[in-house]
Amino acid sequence: MAEIRERFRPDPSMNRTQMEALQRDIAQTAVFEDAVDFDPTTVTVDTPTPETPIVAGVDQAFLDDQIVSAIVLTRGETVVARTHTTTPIEFPYVPGLLSFREGGPILDAFEALPTDPDVIVFDGSGRIHFREAGLATHIGVALDLPAIGVAKTLLCGQPVSSTAALAAGERVEIVADETMSTPDGTTVGHALQTRQYPNSHRINPVYVSPGHRLSADTATAIIDRCRGAYKLPEPTRLADAAADEAKDTIE
DNA sequence: GCGACAG
DNA sequence: ATCTTGTCGC
C-alpha cells in the first residue's frame, strides 16, 4: 500500500560519508511545518468516531541476527491493522545512524500494510538529531507521511529549562546546540511529561520531535493526546508489545 | 585530544 | 535493544 520514494531508502551498504550525505538530503526534503490532512486535535486513544485519525505505532525487537519490526494501526482505541516483518540484521547500532539499522525493515513492514496511517509514531528521534535526520524524519520522508519521533532519552540538543519536576502534560522546549547542524537556539522538539506520580518518585519525560510534515508544537500536541496509563504513548506501547509477541513466536 | 550520543 | 529477581513505594 505505502508508496516508497526509493531514492531515500536507507541503504546499510553505504559508507558513513554516503549515509551522512543522504541524511542531509533527507533533512532538506523534510517539512517541519504542519502539512497534514487531518485535524490534530481530533487524535485520541479513547473512543473513536468515523473521523478519528489513524495513528501508526512502530517498534522493533531483536533476536541474535534478526530484527522484528512491528506496526500497529489504531483509530482511537480500535486496532485497525497490525503487521510485522522479520529481517536479517545488516547494520550495527551507531548513534546518529539508527535509520540505517531499522529503516529498511520498517519500510518492508509498511509495504505489508493494507492501509496508510494519517500519522506515524516512531521510537527514536526525528528532528532532534545531529543532521535533523533521525529515524522519524528519514522514514517519514521516504514514505512522505506525517511522522513523529518519541525517544526515551535525549540524543542531542538542550532543554531550555529544568525537566526535573514537570507535571503530567507539561513540556519544555528542546533547542539545538553546537553538536547539531541546526542553528543554535532553534526549537527542535520538546521534553514531554507523559505521566507523573502524585508525590515523591519521579518519572522521566519522553523527548518528542517532528519527523516530517509537522511542527514541533503540533507533534507534541499529538503525542500529548496519545497519553495512556503508562509513560510511553499508546501507539508505541502497542507496537512494542506486538514486536515482543512476534519475537517470542520465533524463538 | 575531549566530549559523547536514539535503539 | 537485550540479559534478568527481587524489591521499594503508591
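Small disclaimer: the values here were computed from a predicted structure and weren't measured. Naming: A, B, ... by sequence-line order, numbering from 1 per chain.
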Quiz item: What are the two closest heavy atoms between A:Thr182 and A:Ala176, and how far apart are they?
Solution: CB-CB, 3.7 Å

Quiz item: Shortest non-hydrogen contact from A:Leu22 to A:Arg9?
Solution: CD2-O, 3.8 Å

Quiz item: Does the A:Gln193 side chain pair with the main chain of A:Ile203, one donor and one acceptor, at a distance under 3.5 Å?
Solution: yes

Quiz item: Is there a donor-acceptor pair closer than 3.5 Å between any side-chain N or O of A:Asp118 and the backbone N or O of A:Ile54?
Solution: yes

Quiz item: Can you tell me how far P of C:dT2 sits from CD1 of A:Ile89, to the nearest Å?
Solution: 10 Å

Using distance only, find each side-chain donor-acceptor pair of residues 68-79 of chain A under 3.5 Å and give its atom names and separation, not counting sequence neighbours.
residue, atom, partner, partner atom, Å
A:Ser69, OG, A:Gln60, OE1, 3.0
A:Thr74, OG1, A:Val55, O, 3.4
A:Arg75, NE, A:Thr52, O, 3.0

For nucleotides 4-7 of chain B, list the nitrogen or oxygen atoms of the protein found under 3.5 Å from its nitrogen or oxygen atoms, one pair per line.
residue, atom, partner, partner atom, Å
B:dC5, O4', A:Leu155, O, 3.1
B:dA6, OP2, A:Tyr93, OH, 2.4
B:dA6, N7, A:Gly96, N, 3.1
B:dA6, N6, A:Gly96, O, 3.2
B:dA6, N6, A:Leu97, N, 3.3
B:dA6, N6, A:Leu98, N, 3.1
B:dA6, N1, A:Leu135, N, 3.1
B:dA6, N3, A:Ser125, N, 3.0
B:dG7, OP1, A:Lys152, N, 2.7
B:dG7, OP1, A:Lys152, NZ, 3.4
B:dG7, OP2, A:Thr153, OG1, 3.4
B:dG7, O3', A:Asp123, OD2, 2.6

Exercise. Establish, from distance only, whether the side-chain atoms of A:Asp34 and A:Ser215 form a donor-acceptor pair under 3.5 Å.
Key: yes

Quiz item: Would A:Lys152 and A:Asp123 pass as an ion pair if we require N to O under 4.0 Å?
Solution: no

Practice problem: May I have the distance from A:Arg202 (atom CZ) to C:dC10 (atom C1'), rounded to whole angstrom? | Solution: 14 Å

Practice problem: With a 4.0 Å heavy-atom cut-off, tell me which residues in residues 216-230 of chain A come close to DNA chain B, sorted by residue number. | Solution: none

Nucleotide N/O to protein N/O under 3.5 Å, stretch nucleotides 4-8 of chain C:
none

Quiz prompt | Backbone of A:Thr17 reached by a side-chain donor or acceptor of A:Glu20 within 3.5 Å | solution = no

Quiz item: Within 45 degrees of the axis of the six-membered ring of A:Tyr230 and under 6.0 Å from its centre: does A:Arg237 put its NZ or CZ there?
Solution: yes

Exercise. Determine yes or no for a side-chain-to-main-chain donor-acceptor pair under 3.5 angstrom, with A:Thr186 supplying the side chain and A:Pro183 the backbone.
Key: yes

Quiz item: Would a distance-only check, ignoring hydrogens and angles, find a side-chain to backbone donor-acceptor pair under 3.5 Å from A:His212 to A:Val31?
Solution: yes

Quiz item: Can you tell me if A:Arg225 uses its side chain to pair, donor with acceptor, with the backbone of A:Thr41 under 3.5 Å?
Solution: yes

Practice problem: Counting Watson-Crick and G-U wobble pairs whose two distances are both under 3.5 Å, find the runs of 3 or more in a row that involve DNA chain B. | Solution: none

Exercise. Show the numbers, then the answer: is there a ring-ring contact (aromatic ring centres under 6.0 Å, His included) between A:His138 and A:Phe100?
Key: CA-CA 9 Å; A:His138 199 140; A:Phe100 292 90; 5.5 Å; yes

Quiz item: What stems involve DNA chain C, if each pair must be Watson-Crick or G-U and both of its distances must be under 3.5 Å, with 3 or more such pairs in a row?
Solution: none

